[in-house]
Amino acid sequence: MQTLNANEAKTKFGTMLINIQSEPVEILKNGTPVAVVMSSKDYQAMEELKMELVKLRFSNIDEDDLVDGDTFFEELESGKYD
């Protein structure tokens, strides 16, 4: 992954936009990583992977294991889960 300091990212913004089409670019401020800039295509792919992970984690839930959110918090506050 290419790395630029914040000033370089600002002054070379056009070049950075071209570069992010092939790989993400990490932005540093005072030597500390503060951001990663990526293409819209890569971002969408990442979001789709995250959604697939969520779906996989919830695919084995039995309907009986689900509870209304208000009910859950009421039970939590009552100490049912202590």
Side-chain angles (χ1 to χ4, degrees):
M1 174 171 25
Q2 181 183 7
T3 301
L4 299 173
N5 66 45
N7 189 50
E8 289 174 320
K10 182 172 66 171
T11 60
K12 299 177 181 180
F13 188 74
T15 302
M16 183 179 68
L17 288 178
I18 292 168
N19 291 343
I20 62 172
Q21 299 310 309
S22 60
E23 67 176 336
V25 175
E26 181 179 49
I27 310 297
L28 306 177
K29 186 169 184 174
N30 298 322
T32 302
V34 293
V36 173
V37 182
M38 66 176 65
S39 71
S40 180
K41 179 181 171 184
D42 287 347
Y43 177 77
Q44 289 300 323
M46 183 180 68
E47 289 299 305
E48 289 173 15
L49 286 172
K50 285 172 27 181
M51 185 54 69
E52 286 301 314
L53 179 60
V54 168
K55 288 178 183 177
L56 285 172
R57 290 194 176 177
F58 288 99
S59 65
N60 295 328
I61 291 180
D62 188 339
E63 193 71 28
D64 296 333
D65 292 332
L66 300 178
V67 64
D68 174 72
D70 290 333
T71 303
F72 171 76
F73 284 110
E74 288 170 8
E75 291 174 353
L76 188 63
E77 289 175 358
S78 73
K80 179 177 180 176
Y81 299 107
D82 288 342

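Since the model is a prediction, treat every value here as computed from it, not as a measurement.
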Engineer: Please answer whether the main-chain N or O of Asn7 pairs with a side-chain N or O of Asn5 as donor and acceptor at a distance below 3.5 Å.
Structural biologist: yes

Engineer: I need the minimum non-hydrogen distance between Met1 and Pro24, along with the two atoms involved.
Structural biologist: CG-O, 3.1 Å

Engineer: Could you work out, with side-chain hydrogen bond (donor to acceptor under 3.5 Å, both in side chains) as the rule, every residue matching Gln2, not counting sequence neighbours?
Structural biologist: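 For Gln2, the residues satisfying side-chain hydrogen bond (donor to acceptor under 3.5 Å, both in side chains) (neighbours in sequence not counted) are Asn19.
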
Engineer: If you group Ile, Leu, Val, Met, Phe, Trp and Tyr whenever their side-chain heavy atoms sit less than 4.5 Å apart, what else falls in with Ile27?
Structural biologist: Leu4, Phe13, Met16, Leu17, Ile20, Val25, Val34, Val37

Engineer: Can you establish whether the number of heavy atoms outside Asp68 located under 6.0 Å from its atom CG is more than 12?
Structural biologist: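 Result for CG/Asp68: enclosed.
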
Engineer: I'd like to check Glu74 versus Glu77 (side-chain heavy atoms, cut-off strictly below 4.5 Å). Are they in contact?
Structural biologist: no

Engineer: Any salt bridge (Lys or Arg N to Asp or Glu O under 4.0 Å) pairs touching residues 38-48, not counting sequence neighbours?
Structural biologist: Glu47-Lys50

Engineer: Quick one: do the Gln21 and Ser39 side chains pair a donor with an acceptor below 3.5 Å?
Structural biologist: no

